[in-house]
Asker: 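Can you keep this structure in mind? I'll have questions shortly.
Lettering of chains follows the sequences in order, A, B, ..., and the numbering in each one begins at 1.
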Amino acid sequence: MTESIDAPDKGTSGSVSSAAPLEFRDVSKQYPGTASPAIGNLSFTVPAGEVCVLVGPSGCGKTTAMRLVNRMIDLTSGDILIGDKSVTGRSPADLRREIGYVIQQIGLFPHLSIARNITTVPRLLGWSRERCNQRVEELLDLIGLPQDMAKRYPSQLSGGQQQRVGVARALAADPPLMLMDEPFGAIDPINRDNLQNQFLRLQREIRKTIVFVTHDIDEAIKMGDRIVILREGGELVQYDTPDNILANPADEFVAQFVGQDRGLKRLSLTSLGAIDLGPPGDASNGPAVPVTSSLRDALSVLMVESVPALRVTDEHEQVLGSVTIEHINNALHTDTTRVSTPDLVK
Amino acid sequence: MTLGIVRASVLYADKGPKIPDFGKTSDCVKNNGSFCWAWFRHNWSSQFEPRLWEHIELTVVSVGVGFVIAFVLALLAYRARWLAGPVTFVTSVLYTIPSLAAFLILVPITGLGRMTLYIPLTSYTLLILFTNTLAGLTGVPDEIKDAARGNGLTPMQSLWQVELPLAIPTIMAGVRVAVVTIVSLATIAAAVEPVGLGERIFDALNKGNFHTQFIAAGVLCVLLALVADGLLVLLQRVVTPWTRARRTR
């Protein structure tokens, strides 16, 4: 690698990301010799640039559904469309080079350097050496790894670094769609939280359409723009925004799956900045919380400090207003950010 | 032809010392001393060096041909797993045939040519090379094969660019065992053909246990095995740099 780190190439190589909508159209998968299908008549649409989380108990077919998209498994009936193009009738290898692929076990190639791991798909697509090198520089910047990592082998990186390289490999050829199968499942809780936050920041930048599989409802709520809840047999139970799923679970199964603390989970989705606050005078001497805190954290402080109101401050410690349990309660029941999406589920 | 059997029987003949008189033989040789350096140095280029090269040729050709056969069989068995059992059975049977018997059995069929030597020597390499190549391939972790497939490598690209490179350490371990085995077994081939360092050993026994010649040929065999093994270790280090990569942070 040349050491031209001083000249950031972002944007110059036309790396304005593309994204395509994804549509499951009446998709079924039945294995020969089994009585019931693994996936039954699954239909939903993911708008371009959104993160759609597939979540459900083990055996619900969420990973199978994801693997149907890049034909790691072939569907039995129905169709899957990326943009306007069906995934069937294409060479699986060609199709997969247009879809980013990240798995829990990471699966970096141990015998190839980080740079060569990242350029797996570009090299298959016949990119020139210069273009590959430039892409490696861009992606290492994007995932926040130093440039000298390019020459290392995967075994020389920590688990979290390896997972970030896995994401960089998936992004290398700028695919319109990414598939992520429990990408942070093997990372310890503290690093997982960091990686999730980094990934959300990254996604705000790259705006890919992403299918994200997890069994963890909290991760689904955190990562998803929309959530597909599946039950055994690959049956779609509810497809909605995290907030709507928490506020209005479709049935007993969903209510149980999201947990009895769904009210609290909902509070963690909204920050103080997004609700109507009381006048600053109502909590002149009370404890202060930053406006970026979630309603859940504010409620916790109210409980711990045993006060009727909190001061809400901005990053310059300027008091913006006050918050009481009343405000939090109102926000839960008159949420204007809720967007219903019946048109996406057919 | 029975020449091979006659030669082999020499092994067991109990004869008194009859070291040839080359005219100006040293006392050491006359008394059949344990090792006569001067005689060895004097006869190295005429009696030992050509035999050493023959020995290397026997080893390289046998292991080389054996590797090609075992490699193809292992690739087939990797794709069609049911083949592994039968191939292992046949190569195991070949491996258990006593080497001297194998050479002598082939004499009436293939005559007294090199072919009679290469067939048994090659067949002895098959079991270890087949087993290790297949084990190296099946040992590649599933998630790496899944990642290769999911990133759009065709089955052939995955095999040649991912699975085989990762199998190299196991394959090389097999090649090292095969080479050392064949260096040793090739001495017995001289029971059929006067070839390789084995010829010097049989000849020394024939001359009534000429110590210097016997020991020189034997030690050269051991040295050849050690050097070959060392070179293979070096080769492996060069072609698998990732196995030595350490975390340096």
Asker: Using a cut-off of under 4.5 Å for heavy-atom pairs, which of A/Arg97, A/His111, A/Arg169 has the most such pairs with chain B?
Answerer: A/His111

Asker: Sub-3.5 Å donor-acceptor pair from the side chain of A/Gln147 to the main-chain atoms of A/Leu140, do we have one?
Answerer: no

Asker: Under 3.5 Å, is there a donor on one side chain and an acceptor on the other for B/Thr116 and B/Thr110?
Answerer: yes

Asker: With a 4.5 Å cut-off on heavy-atom pairs, point out which of B/Val140, B/Leu153, B/Thr243 contacts chain A the most.
Answerer: B/Leu153

Asker: Go through B/Thr154, B/Thr240, B/Ile144, B/Ile168 and name the one with the most non-hydrogen pairs under 4.5 angstrom from chain A.
Answerer: B/Ile144

Asker: Any chance CZ of A/Arg90 has more than 12 other-residue heavy atoms, nucleotides or ligands included, within less than 6.0 Å?
Answerer: yes

Asker: Indicate yes or no for a side-chain donor-acceptor contact from A/Lys151 to the backbone of A/Ser113 under 3.5 Å, with no hydrogens or angles considered.
Answerer: no

Asker: In terms of heavy-atom contacts, does CZ of A/Arg192 have more than 12 from other residues, nucleotides or ligands at under 6.0 Å?
Answerer: yes

Asker: Need one label for B/Pro155: side chain, backbone, both or neither, based on atoms under 4.5 Å from any heavy atom in chain A.
Answerer: neither

Asker: Measure distances from A/Leu179 to the heavy atoms of chain B and classify the residue's part below 4.5 Å as side chain, backbone, both or neither.
Answerer: neither

Asker: Side chain, backbone, both or neither: which part of A/Arg71 has a heavy atom under 4.5 Å from chain B?
Answerer: backbone

Asker: Tell me whether the rings of B/Tyr124 and B/Tyr95 are parallel (<30°), tilted (30 to 60°) or perpendicular (>60°).
Answerer: perpendicular

Asker: Under a 4.5 Å heavy-atom cutoff, which of A/Pro110, A/Gly107, A/Pro154 has the most pairs with chain B?
Answerer: A/Pro110

